Novice: 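Structure below; questions to follow.
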Amino acid sequence: MFLILRFLQAFGRTGLTTVGIVLVMEIVGPQHRTETGLVIQIGWAVGFSTLAVVAWFFKDWFWFQMALSVPYIPLVLAYWLVPESPRWLLAKGKTKELQKLMKKAAKMNGKELKIDTRDIQEIQNKVQKGNQKTETIFYVLKWPRMRIRALNLHYSWFVNSFMYYGLAFHTNDLAGNPYLNFTIAGALELPSYLLLYWGIKKWGRRPMSATLMLVAAASCASISAVPQDLPWLSTSFAMLGKSCVAGSFGLLYIYTSELFPTVVRNITIGSCSVSARIGSILAPFVRELGKATHPVVPNLLYGLLALTSGLLGLLLPETRDQALPDTLEEGENFGE
């Protein structure tokens, strides 16, 4: 029963994250995608940093589980409060629902809706043209450019999740109080998102993604060179590495949603999330790898993975201030 309930919990939470980020990114315009995407990640950072506080108050597993589960209940109201994605309605030919939603949005924002039904029909025909086949990740892989980008991003998601959870689990081995270390590790994500916001506004997605992973690589590799009588320094490097990975992970949600068209956006992010879950599954075993081989092996492995992920990220096109692609053709030609 525990395994079944645990599966259902993960099934719902992971789906909520991937579908939620796609929905939000499809509702807002290009000028607001950065801050909107990062606000969601700030919510994650607040939850991460307060988790140790909750664990300190509720040391019994039953009440700890209750404290983590009850906050989900109000989210049921989201079904009636959150609108459907207008891009998805357009891609699926739901013209009446789209017009109703646009009128409601215009009214709430104090705007006058000026759009011709023929314009909607023209865009709809463009979106639906050539998209009659089953929309799966395997269909995305048939397109040369999107295939390379998808494989690149799958690797980046794997590396980010592998390092994020590996470094998170590693906080208990660091010097000092484990509850305090865990809280600090989560709190450090907040300034990383502020730096990320400033960086991607100034330089764009691709340079920031590569920079964060390269700094994370250097931080993790540096831990191996720290003398044992300087535990605070190794802790600082570990916190810096995790902070960079957290920023990169948050950026990946925005970056991936902007690179792929509406008809396969949810599928692509979902499949990338599967790669990330593989990384998080393997993360706890890195600690045992260090015990079986040498203590420096985990951090060197983190450094190597972050280095390759950062360099491969330079091959992706920039998406800053670009309109989201809707059709498979637009997704294939994006960045030309």
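Remember, predicted model here, so these are calculated numbers, not experimental data. Excluded from the calculations below are hydrogen atoms, water molecules and symmetry mates; all remaining heavy atoms, backbone and side chain alike, are included.
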Novice: Indicate yes or no: at least one non-hydrogen side-chain atom of Phe334 is less than 4.5 angstrom from one of Arg145.
Specialist: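 The answer is no; the side chains never approach within 4.5 Å.
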Novice: According to the interplanar angle, ranging from 0 to 90°, do the rings of Trp143 and Tyr139 count as parallel (below 30°), tilted (30 to 60°) or perpendicular (above 60°)?
Specialist: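 Judged by the thresholds at 30° and 60°, the geometry between Trp143 and Tyr139 is perpendicular.
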Novice: What I'd like to find out is whether the side chain of Met146 reaches to under 4.5 Å of the side chain of Leu328, using heavy atoms alone.
Specialist: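 Counting from C-beta outward, Met146 and Leu328 do come under 4.5 Å.
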Novice: Going by side chain to side chain donor-acceptor pair (under 3.5 Å), name the residues that satisfy it together with Thr293, two or more places apart in sequence or in a different chain.
Specialist: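 Not a single residue meets the side chain to side chain donor-acceptor pair (under 3.5 Å) criterion with Thr293.
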Novice: Taking atom NZ as the centre, does Lys202 end up with more than 12 heavy-atom neighbours from other residues, nucleotides or ligands that are less than 6.0 angstrom away?
Specialist: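 No.
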Novice: Are Leu68 and Leu51 packed together at the side-chain level, in the sense that at least one heavy-atom pair is separated by less than 4.5 angstrom?
Specialist: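 Touching, per the 4.5 Å side-chain cut-off.
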Novice: Can you list the residues that meet the ring-ring contact (aromatic ring centres under 6.0 Å, His included) rule with Phe158, with sequence neighbours excluded?
Specialist: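 Listed in chain order: Phe162.
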Novice: Transitive ILVMFWY cluster of Leu5 at side-chain heavy atoms under 4.5 Å: who else is in it?
Specialist: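 Leu5 shares its hydrophobic cluster with Met1.
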Novice: Under 3.5 Å, is there a donor on one side chain and an acceptor on the other for Trp157 and Thr256?
Specialist: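 Yes - a donor-acceptor pair under 3.5 Å links their side chains.
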Novice: Which atom pairs, one a donor and one an acceptor, fall under 3.5 Å between side chains of residues 295-311 and the rest of the protein, sequence neighbours left out?
Specialist:
unit_1	atom_1	unit_2	atom_2	d
Thr308	OG1	Tyr155	OH	2.6
Thr308	OG1	Leu304	O	3.2
Thr308	OG1	Leu305	O	2.9
Ser309	OG	Ser156	OG	3.4

Novice: Kindly say whether Ile269 contributes a backbone atom to a donor-acceptor pair with the side chain of Ser273 at under 3.5 angstrom?
Specialist: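 Judged by distance alone, no pair lies under 3.5 Å.
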Novice: Of all residues at least two apart in sequence or in a different chain, which pass the side chain to side chain donor-acceptor pair (under 3.5 Å) check with Ser275?
Specialist: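 Ser275 satisfies side chain to side chain donor-acceptor pair (under 3.5 Å) with no other residue.
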Novice: Are Ile40 and Val28 in one and the same hydrophobic cluster, where Ile, Leu, Val, Met, Phe, Trp and Tyr link if side-chain heavy atoms are under 4.5 Å apart?
Specialist: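 Unlinked, Ile40 and Val28 end up in two clusters.
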Novice: Any ion pair linking Glu35 and Lys201 (charged N to carboxylate O, less than 4.0 Å)?
Specialist: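 Yes, Lys201 and Glu35 are salt-bridged.
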Novice: Are Thr262 and Thr327 side-chain neighbours, meaning at least one heavy-atom pair lies under 4.5 Å?
Specialist: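 No, side chains not in contact.
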Novice: Think Lys242 forms a cation-pi with Phe48, using NZ or CZ under 6.0 Å from the six-ring centre and within 45 degrees of its axis?
Specialist: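 That pair qualifies as a cation-pi contact.
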Novice: Using a 3.5 Å cut-off and no angle test, enumerate the donor-acceptor pairs between side-chain atoms of residues 105-113 and protein atoms at least two apart in sequence or in another chain.
Specialist:
unit_1	atom_1	unit_2	atom_2	d
Asn109	ND2	Ala105	O	2.7

Novice: Between Leu196 and Met208, does a side-chain contact (heavy atoms from CB on, under 4.5 Å) hold up when you go through it step by step?
Specialist: CA-CA 7 Å; Leu196 179 63; Met208 279 303 298; 4.2 Å; yes
Novice: Would you say that Val24 contacts Val39 through its side chain, given a criterion of any heavy-atom pair below 4.5 Å between the two side chains?
Specialist: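 When only atoms from C-beta onward are counted, Val39 and Val24 do not touch, as no gap falls below 4.5 Å.
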Novice: For Thr319, what residues pass the side chain to side chain donor-acceptor pair (under 3.5 Å) criterion, not counting sequence neighbours?
Specialist: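 Counting only residues at least two positions away or on another chain, Thr319 forms a side chain to side chain donor-acceptor pair (under 3.5 Å) with Glu258.
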Novice: Apply side chain to side chain contact (heavy atoms under 4.5 Å, CB included) to Ser271 and list each qualifying residue two or more places apart in sequence or on a separate chain.
Specialist: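 For Ser271 the side chain to side chain contact (heavy atoms under 4.5 Å, CB included) partners, ignoring immediate neighbours, are Ile137, His154.
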Novice: Quick one: ring-ring contact (aromatic ring centres under 6.0 Å, His included) partners of Trp63, sequence neighbours excluded?
Specialist: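 Here no residue qualifies.
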Novice: With the side chain counted from C-beta on, respond yes when Thr34 and Arg205 share a heavy-atom pair under 4.5 Å apart, and no when they do not.
Specialist: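 SC-SC contact between Thr34 and Arg205 confirmed.
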Novice: Just to verify, what does Trp44 make a side chain to side chain donor-acceptor pair (under 3.5 Å) with, not counting sequence neighbours?
Specialist: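 Trp44: side chain to side chain donor-acceptor pair (under 3.5 Å) contacts with Tyr164.
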Novice: Can Arg265 and Thr268 be counted as having a side-chain donor-acceptor contact under 3.5 angstrom?
Specialist: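 Arg265 vs Thr268: no donor-acceptor pair found between side chains.
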Novice: Please check if the side chain of Thr50 supplies one atom and the backbone of Val53 the other of a donor-acceptor pair under 3.5 Å.
Specialist: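 The answer is no, because no donor-acceptor pair under 3.5 Å joins these two groups.
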Novice: Leu212 versus Val245: any side-chain heavy-atom pair under 4.5 Å?
Specialist: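 Contact flag for Leu212/Val245 side chains = no.
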Novice: Take Trp198 and Tyr193 through the ring-ring contact (aromatic ring centres under 6.0 Å, His included) test and state the conclusion after the steps.
Specialist: CA-CA 9 Å; Trp198 175 78; Tyr193 292 137; over 10 Å; no
Novice: Apply side-chain contact (heavy atoms from CB on, under 4.5 Å) to the pair Lys59 and Phe64, showing each step before the final yes or no.
Specialist: CA-CA 7 Å; Lys59 292 185 172 62; Phe64 181 56; over 6 Å; no
Novice: Ignoring hydrogens and angles, write down the donor-acceptor pairs under 3.5 Å from the side chains of residues 213-223, residues two or more places apart or on other chains.
Specialist:
unit_1	atom_1	unit_2	atom_2	d
Ser219	OG	Val215	O	2.9
Ser222	OG	Ala218	O	2.6

Novice: Which residues satisfy the side chain to side chain contact (heavy atoms under 4.5 Å, CB included) test with Leu316, sequence neighbours excluded?
Specialist: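 Once residues adjacent in sequence are excluded, the partners of Leu316 under the side chain to side chain contact (heavy atoms under 4.5 Å, CB included) criterion are Arg149, Asn152, Leu153, Tyr255, Leu259.
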